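Accompanying notes for the structure given below.
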Amino acid sequence: MADISLSEAEKRYIVDGVKLGIRVDGRERLDYRQLEIETGLVSTANGSARVRLGCTDVLITVKMEMEPPPPQQPNDGQIHFFVNCSANAAPEFEGRGGEDLATSLSAMLDRLYSSPLSLDTSRLCVVPGKHVKVLYVDVEILECGGNLFDTVSLGVKAALWATRMPRIYITGEDGGELEFMVSDNPQEVDRVDVSNAPILITHLRITENLTVIDPTPEEECCGPVQVVVGVTPKGLITTTQQLGAGTFAPQTLSASLKSAQELGVKIHHQLMQRLLQEESIPNRKTKGFL
Amino acid sequence: MEVISPEGLRQDGRTALCLRDISCRLGLYERPNGSAYIEMGNTKVLAAVYGPREVRSLSKQNLDECVIQCEMSRIAACQGERVRRPRDQRTRALSLQIAGVFHAAIRKTKYPGSQIDIYVQVLQADGGVTSACINASTLALVHAGVELVDYVVSCTASINKSMPLLDVTQQESASGCEVTVSILPNKGSVVSLDCAHTLHLDHLDEVVDLAMKGCQQVYKAMSQEVETYLQDKHAIMSHR
């Protein structure tokens, strides 16, 4: 992902360190870097969140639009993911350079939220068959510092949690077409139920049977292969994908899946705790980028 | 909706010649050589500079001076309507304009055979987008330590029913015009002048003069922030 070249000596240093149970920045194998989340930065969007995990910085915005549903799913709303790797994240993303990474990220997010249990899209329906709410989730990668999948999924969950959609009332019918009234009252909002929204956990295999969580760009250079696991708050796995040119031994793979499950449950719990804490602060001023 | 109320106040409560609040910050990110963020009212722009570094395509290399490239993009939620494509023809045109502005300001002969990349990200657009992009790029270049002849400072101005307005928002420029002026503040010379929508020739001088005055005010705010940043990093004496 990142354009970092490491010498053989540096790679050995990292690998041997992991074998001894300590990583370059002092973390243990299954430790995350410092995580900062802030919601509600972008006032022009229905919901937004900014997540910083170490050197990785992503900005997620959610906008709601009303559209006619596709004929095969007339009673469900939709959620679409778009990822944009901006050039200030890494110079190789200039022009169309970041498209491959963007496509794989948005495909992963689509799969993550494809299950009806993750996000109840039937609640996004306004008039069955005619009008549904479509959530456009736009992910902007601002700085690429390793472990994009996890950061983006945490951000998406936080942004969906922070999404406030004005309530829509059907006021009448005018010649077959329904008329809507969008509520102006800031208290009358609909929210998205994220109690089952999953997050992604990345395990990078550094050496024979050892994996690390939340790899830095240098570690990503050393490890040949990684597995990305989508975990719900209840510990169910919604999606897995193996990325990279390498192999996993079956025992290592199942151990990674199991530890991802345990970690996922813990992280969900912490995340919701923090989000509720953030919401309870009265008259909160968004710090934003300043 | 009137642009100026009978009491002389605009939609956001400012007077006609009042600049919007400016907040800026240098050095947000570690990977780029220079990074900066600026907020001019509700217009929020992030800029990152990579360089001077090796030229990526040898065909573009110039052995006498450096090559300057700029890419501007917008996030989907930067305006009320969702923006479908982050980069399109309009942003490409603006990118070329911004790169052109910095050709005059960067001491290109100091970096022969290299490339300086400026990447600008518009997070929220509410009028004066090009100005904010240029200002953010200047700060990012300062943070990167690229040699500049002078700061490049930019501001917008407009005219409404013979009343000149400084630093217009999206709504105000939609009903009138938007003149963007970029200057080198210490030298007082104009680097770029751009006008959107129609402006009568009789009013041109007035509006450009107002924009230049606005630029000087923006320069004060930006240089203040740079001084604070350098003081925090102990790069300059704090008793100055």
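All chains are named by letter (A, B, ...) in the order of the sequence lines, taking the proteins before the strands, and each is independently numbered beginning at 1. Bear in mind that the values here come from a model prediction, so they are computed numbers and not experimental data.
Other residues, nucleotides and ligands contribute over 12 non-hydrogen atoms within 6.0 Å of the CG atom of B:Asp12. When the shell of 6.0 Å around CZ of A:Arg274 is examined, it contains 12 or fewer heavy atoms from other residues, nucleotides or ligands. Other residues, nucleotides and ligands contribute over 12 non-hydrogen atoms within 6.0 Å of the CG atom of A:Asn185. Summarising the local packing, OH of A:Tyr13 is surrounded by 12 or fewer heavy atoms from other residues, nucleotides or ligands at distances under 6.0 Å. Taking a 6.0 Å sphere around CZ of A:Arg167, one finds it holds more than 12 heavy atoms contributed by other residues, nucleotides or ligands. Sparse packing is recorded around CD of B:Gln224, with 12 or fewer heavy atoms of other residues, nucleotides or ligands lying under 6.0 Å away.
Residue-level contacts of residues 37-49 of chain B with chain A, in order of numbering, are B:Tyr37, B:Glu39, B:Lys44, B:Leu46, B:Ala48; threshold 4.5 Å between heavy atoms. Of residues 118-128 of chain B, those residues lying under 4.5 Å from chain A by any heavy-atom pair are B:Tyr119, B:Gln121, B:Leu123, B:Gln124. Residues of residues 132-142 of chain A placed with any heavy atom under 4.5 Å of a heavy atom in chain B are listed by number as A:Tyr136, A:Asp138, A:Glu140, A:Leu142. Contacts between residues 71-92 of chain B and chain A, counted as heavy-atom pairs separated by less than 4.5 Å, involve B:Glu71, B:Ser73, B:Ile75, B:Ala76, B:Ala77, B:Cys78, B:Gln79, B:Gly80, B:Glu81, B:Arg82, B:Arg84, B:Pro86, B:Arg87.
For A:Asn46, no part lies under 4.5 angstrom from a heavy atom of chain B.
Taking CZ of B:Arg56 as the start and CD of A:Glu94 as the end, the distance is 5.0 Å to the nearest 0.5 Å. Here the SG-CZ distance, from A:Cys55 to B:Arg31, works out to 9.5 Å after rounding to the nearest 0.5 Å.
For A:Arg52 against B:Tyr29, the heavy-atom pair with the smallest separation is NH1-CE2, 3.1 Å.
Of the listed residues (A:Val62, A:Asp57, A:Asn84, A:Leu290), the one with the most heavy-atom contacts under 4.5 Å to chain B is A:Leu290.
With B:Tyr50 contributing its side chain and A:Asn88 its backbone, the two residues share a donor-acceptor pair below 3.5 Å.
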